[in-house]
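Just the heavy atoms: all of them, side chains too, but no hydrogens, waters or symmetry mates, feed the values below. Order of the sequence lines fixes the chain letters, A, B, ..., with proteins taken first and strands second; residue numbering starts at 1 for each chain.
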Protein chains: 4
Amino acid sequence: MCGIFGVHGAQDAAGLVHLGLYSLQHRGQESAGIVAVDADGVARAKRRMGLVSEGLNVLDELAGTLAIGHTRYSTAGSSSIDNAHPVLVRFRGGYIALAHNGNIVNASELRRELEDEGSIFSSTMDSEVLVHRMARSKAERPDDQLAEALQGVEGAFSLVVASGNTLMAARDPRGWRPLVIGRLGGAVVFASETCALDIVGAAHVRDVQPGEIVIVDADGLRCRQALAPRDSRRCVFEYVYFARPDSRIFDGGSVDRARRALGRQLGRECPAPGADLVFGVPDSANAAALGYAEETGLPLELALIRNHYVGRTFIQPSQAGRSHKVKVKYNPVREVLEGKKVVMIDDSIVRGTTTRGLVSLVRAAGAREVHMRIASPPVTGPCYYGIDTPSREELIAANLSVDDIARHIDVDSLGYLSLEGMLAAVPGGPEGFCHACFSGDYPTPPPTDPDKLRFGCGC
Amino acid sequence: MCGIFGVHGAQDAAGLVHLGLYSLQHRGQESAGIVAVDADGVARAKRRMGLVSEGLNVLDELAGTLAIGHTRYSTAGSSSIDNAHPVLVRFRGGYIALAHNGNIVNASELRRELEDEGSIFSSTMDSEVLVHRMARSKAERPDDQLAEALQGVEGAFSLVVASGNTLMAARDPRGWRPLVIGRLGGAVVFASETCALDIVGAAHVRDVQPGEIVIVDADGLRCRQALAPRDSRRCVFEYVYFARPDSRIFDGGSVDRARRALGRQLGRECPAPGADLVFGVPDSANAAALGYAEETGLPLELALIRNHYVGRTFIQPSQAGRSHKVKVKYNPVREVLEGKKVVMIDDSIVRGTTTRGLVSLVRAAGAREVHMRIASPPVTGPCYYGIDTPSREELIAANLSVDDIARHIDVDSLGYLSLEGMLAAVPGGPEGFCHACFSGDYPTPPPTDPDKLRFGCGC
Amino acid sequence: MCGIFGVHGAQDAAGLVHLGLYSLQHRGQESAGIVAVDADGVARAKRRMGLVSEGLNVLDELAGTLAIGHTRYSTAGSSSIDNAHPVLVRFRGGYIALAHNGNIVNASELRRELEDEGSIFSSTMDSEVLVHRMARSKAERPDDQLAEALQGVEGAFSLVVASGNTLMAARDPRGWRPLVIGRLGGAVVFASETCALDIVGAAHVRDVQPGEIVIVDADGLRCRQALAPRDSRRCVFEYVYFARPDSRIFDGGSVDRARRALGRQLGRECPAPGADLVFGVPDSANAAALGYAEETGLPLELALIRNHYVGRTFIQPSQAGRSHKVKVKYNPVREVLEGKKVVMIDDSIVRGTTTRGLVSLVRAAGAREVHMRIASPPVTGPCYYGIDTPSREELIAANLSVDDIARHIDVDSLGYLSLEGMLAAVPGGPEGFCHACFSGDYPTPPPTDPDKLRFGCGC
Amino acid sequence: MCGIFGVHGAQDAAGLVHLGLYSLQHRGQESAGIVAVDADGVARAKRRMGLVSEGLNVLDELAGTLAIGHTRYSTAGSSSIDNAHPVLVRFRGGYIALAHNGNIVNASELRRELEDEGSIFSSTMDSEVLVHRMARSKAERPDDQLAEALQGVEGAFSLVVASGNTLMAARDPRGWRPLVIGRLGGAVVFASETCALDIVGAAHVRDVQPGEIVIVDADGLRCRQALAPRDSRRCVFEYVYFARPDSRIFDGGSVDRARRALGRQLGRECPAPGADLVFGVPDSANAAALGYAEETGLPLELALIRNHYVGRTFIQPSQAGRSHKVKVKYNPVREVLEGKKVVMIDDSIVRGTTTRGLVSLVRAAGAREVHMRIASPPVTGPCYYGIDTPSREELIAANLSVDDIARHIDVDSLGYLSLEGMLAAVPGGPEGFCHACFSGDYPTPPPTDPDKLRFGCGC
């Protein structure tokens, strides 16, 4: 779970990156960083823990027309400024700066190989193996170094890489994570999602293709198929929850339209006859709730209010009791819920804790019946490819049947969208998606050392 | 524009205040503060610039079962930690702590009187005159001191005041600003809105009545009609925009239901025949948009995405151009808008700058026609009673006709709700509201020194 | 224990105050503050906890040709930004800014009088009563207000006060604390000591006289005897320890020469026959040690090294054992001490803790005999006039005989300077000094409420 | 210019390091850092810009019985948290933590070799080449890895290195920089100077010998001659200025005694007949001044007062004029200087700026004649071995004759100690010292890339 952004050829490139990172903040709130390269080829980094708005306003120190940036989410264990991105190192050829979204499944093996040859590591990030491999390449051109470095790397990676006066973007051969190309006057922009192109006013050109390296330097833009494409494995969870609704990802697929379609399909598969109204958990399930209302004819309501001022540093006060975290973040609208049979839509259930708290709030506000509808199938396995899902032990649907989940979260009925229904609803479906966390159909062997991977992952 | 909160009789009162302030953050983001009184009667204050989540996590220093809190919005000129609330002073009887929502219209006169008698002032807040007046009272009991201090005070005030082991709440005789009473076990809670009762789990009892002082001390809760009630002048703008939708204010009126009704009334008064869809400006106009959709039968869409990660410290980068502030905060969903005739709902137009930026975004995303509908009448005058509206010169509707506004913001049509329609739609209407900013019908003479008032206002 | 400084008539007055406060840092390290008055008569304050070098570098916000400043020491109990100086308040006549060095003995009574008339207090400082009294004066001119305010004020005060475009300096009728007048081109400067004149390049003119108010405004400088002078009670401890050696205080008396003379007198009164060498506790006892060496013919050594990098925030690590605080601050030079009979000079002994630690260090470094010589008499009583001595219970010489002290601090011999010897040695002696902490001869009744005074003291 | 410290086998090792760094603060004030290794072999680093007292109080996060620390001085260009020490990296064998005092003269060559083999660098420090070389070693034992890494490394280095549960100390074959061994109960301590042993209560054992590696692990302490010793080149400037006077360095030589002897020798070589008094520039020249007074019979005075509160962040105010920086730091005592012919002693003159400012202060305070005496020879060349002297262009004695310097700094006479005199006076002299900055007799070729070295140096 990370957002990446790069700019080549624009005045105050770091300012544009800064703006772009605002739009990618939903992909990672733990740390943010920018590397900019000035006219003399000197690369400078600024990285801070926290939100883009909290720490990265020292842009006057980041001159230059070439810059890349990163927003990062990570588990607590590896939360540290040492692991903040972008990576910036010096090597024979000058410098390499790299921002990574995804997870390298064989990072432990690659790291061991490098260590056996005497390499040292400053962080616990899988991304650090990539810069080592680039530096060890005998090739002269940055794109040759990058192409060489990516051979044998297994897993999910979307990358923006700067070296010298060259900016590169690359995507793994299965196309797991999104990465789009934009143009802003004479400048080239790379971003995880189109919403970040929009904010800087860049026009959407196309996706970086699976296995492709796109290169921008003084000679302009060119591309090469650095890695042979493999079966497409776009992450369906990007449509379900992760990407921003105003973005288009994966060959222009609209996230908003995907979610609306998921909601309609959910309405077809799991109606709630006799219910009085439907509402979504804000903000991520609003579009699906709208689709569900459309399909079922139930009136849409705004029954939950979300408090957007809750900071990252919120320390839970003891008074608020069992469901306090949920209570600080959401408040039900009693006037809407009182005495009603309600359908509550959410995009997914992971641990079940938040859902259970929400149901409790909704019941306390007077709802007579609560019918939960989920716009995706049960999450039964962890993701090894860049989404920060918890281990199998913590995934409620890996451990309980749907009926037991319904009892656990205390709803009158619970319906999940089918795998087939989900894949049919998303743009470009049903083929070509990774749905391992729903289906168990993992495209790669699991990492040999998943714990270490967790702590070593690039995002 | 402030939020106030008070607790008497609960363990870790400051923790409850802290939690309550999270729910009142929408009423003021400039500074936040808490005063707690410990078992020995020692009052301690913590005040910080910024959000509750940013600065007020030093609660272990604030022991006691009695505490009050405040979130404050203010214009830049008087933005200073010296003006942060609650006010805390020592005087003959011990200490007085006071948190104020509203504006005292004759603060300059009252201050001059006090200065003529040799009083000194540490801040530029109108609230400071109230503690001076309390301290000068010869009465012994805190509520007598407060009652005496409030004689002759003109304007809007909802107050929570602590002195000794007594907590008091008071509301001006016209009942301008909301203030509610709650119970949490044996403790009493006061809050600007019910959403702050909900977050601490307190039950809503009733409003503090206009002109009433509610007193809580070792003898329990009692109340007195300290000031003769006058014609009720509840602020209609609280329903239109300011209060949180999950709150009930003014004798239990639901803000969500009010906004839904405003949207329906707007649909009746200003339909948009031939339009393809309707959407609201998130989050404040969502309920009105839903009402409008209901009334007109137009399909509701989520056409604008709001970025909630934009911090207070955002410094506008030069690249983003004319409408950059709006662009960082909102992004249109092209798939929804492209080629469509759209109705955009907002709660109000103040300066017109944001609206103009939004229309520009919506057009750039491909909308064919933009029909703007506003769920309140044109704002033609400043508020002297606690809402931070700009001066008349900056109010677009005080200077341009509706047709000229439509041209200025570049819409195909523009419709405002009528004054009568608005007053008919809100709970408890149409009588008993202050609508001076829409109608010019000011309940008091304007302050003699409005500029000074602006810098001297309590919230 | 405070330092005060004021400038009238110089460009960037706040910059000069800032510089002057660097030189007065030894008079208070807890907080520092500056108030500057701009060309429009607007007074602005900056106050920070900590050293001048840590917090007061925002001088660009403090425009104007009139400014005052303050460095403050205080006991932990009242350590708070609310008590930081200068005081700045608004009143009928505009503003009053005041910086105070000394202690008002009858502050509690004066405060009670004001409270009975309804005054409110924002701090626990005695200085706040002075601005209340100025504001209550019916007089029009600032100096009349100040003169009126000072009537009946008992105790020690040196003040710089700004109001309108007037700067004033005043000193209590007994002249307890120093305060000097300087000229810098056309500007007038007031400072606690001449070392602060030196740093800004101002020429020393004379002392502000006991009971005098010196006034500087557009008409130039004038003075008035506002309070009838009383028996002079200059603080002898300023010469012994508190003032900086490069300063001249009290009608031009040189602190360095005073300390040298105290050392010589100590040599005469308490020689140490058979000793090998003499050294002082750095830096404050260096001059006395030099005088002692001169008088006795013993060779002077530098046997203790002081670590000047120990910050205010030093948290004592458990490893360092019993005398760790002393060990972090001082280190003995073994080569100098080993096998030697040494005379160690200090300016005074207060609690005895530091002395005991130093003796232990010196012994551990190999000294064969340690003969302690103190360049002042035993401290047997607290100071009520502005020096932060502890209560009688903590003063070692109030509780133990000289022999018992010698045993307690583990020295082979201990000699104190006599009261007569001290008074004969200091410039302008032996009459006219306050030596209450040595002699018990208090010029005023003790404060009725010493505890409250401690927390309420101006410095 | 750095201080290093290491502990093996003590509870709360990081706390001891913290304490030790206080005593080594004079060797570097730019940044400070600690690495501690816990019982599970996990190494954690804390590094901060600024003084030990300002940033390193998070010791509760640094558990373990093995820890090393570093204080660092550096030129502005490479001032960055990325360059703060200790270095901490992961590699095949676990982790390596390293703290370095000195400069590697052939760092550029060694780095190029590593880069040619594909190594990447995270900083611009020469020390980083050492950890790369250790990691590339095929040896299993940490001391074998270190011994191998040091082969062919040219220049000055004193090192403490931790890896696994082993702590090591090493010193270059010429013994340029000091490094001592101490014992604290069963624990072993390494420190740049003995003053840091004193503060933790450790007993001084002996020096780490030139070319030696001292190893401490579960088997206890052992040592090996890893590099063949070469002609001893102890830095004479450590005695002249850099080390703390209470330290013993270089086989137990007392810094205090060295400086006293330098002062006496200076008195013999450069007397000042007819002078009235002598004083030193505090604090560093105090011991030399005492020696000079002893030798010449001139009375010693304390004529300059140093303000120790001047922070690192001091921003020079414009008012203070030409010599303002000096004026904030030093103030002359007029009573001592007025009308006198004075001898001013300093340890060395580098750029001449400070000296010139001091002379101007002393003259302004009324000195009739100023005779400057310097307790070392003219500094005519830069140091490539760890002292941060400026380039030749900025060294006044590399560009002007002694007479011209005297004119430039405006003294009546100027005398430098001779090279022979200096070498005769220091303990263990006259052979075996590096005096390249005085004599031009550089033990190594100058670095090929001195500029890069400056920015890349370890301390």
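Only the backbone of C/P332 has a heavy atom closer than 4.5 Å to any heavy atom of chain D. In this structure, chain D has a heavy atom under 4.5 Å from the side chain of C/L290, while its backbone stays farther away.
Within a 6.0 Å sphere centred on OH of C/Y330, heavy atoms belonging to other residues, nucleotides or ligands number more than 12. Annotation for D/Y241: atom OH does not count as buried by contact number, only 12 or fewer foreign heavy atoms lying within 6.0 Å.
Of all heavy-atom pairs between D/S254 and C/E335, the closest is CB-CG, 3.1 Å. For the residue pair C/D256 and D/L302, the shortest heavy atom distance occurs at OD1-O, 4.0 Å.
Of the inter-residue distances, the one linking D/R306 atom CZ with C/D246 atom CG reads 14.0 Å to the nearest 0.5 angstrom.
Chain C forms more heavy-atom pairs under 4.5 Å with one residue of D/V333, D/D198, D/I305, D/L184 than with any other, namely D/I305. In terms of non-hydrogen atom pairs under 4.5 Å with chain C, the most contact-rich of D/G201, D/S23, D/P245, D/A293 is D/P245.
Salt-bridge formation is detected for the pair C/R257/D/E301: a Lys NZ or Arg NE/NH1/NH2 atom is positioned less than 4.0 Å from an Asp or Glu carboxylate oxygen.
At least one side-chain heavy atom of D/N307 sits under 4.5 Å from a side-chain heavy atom of C/R244. A 4.5 Å side-chain heavy-atom check between D/N331 and C/I199 finds every atom pair outside the cut-off.
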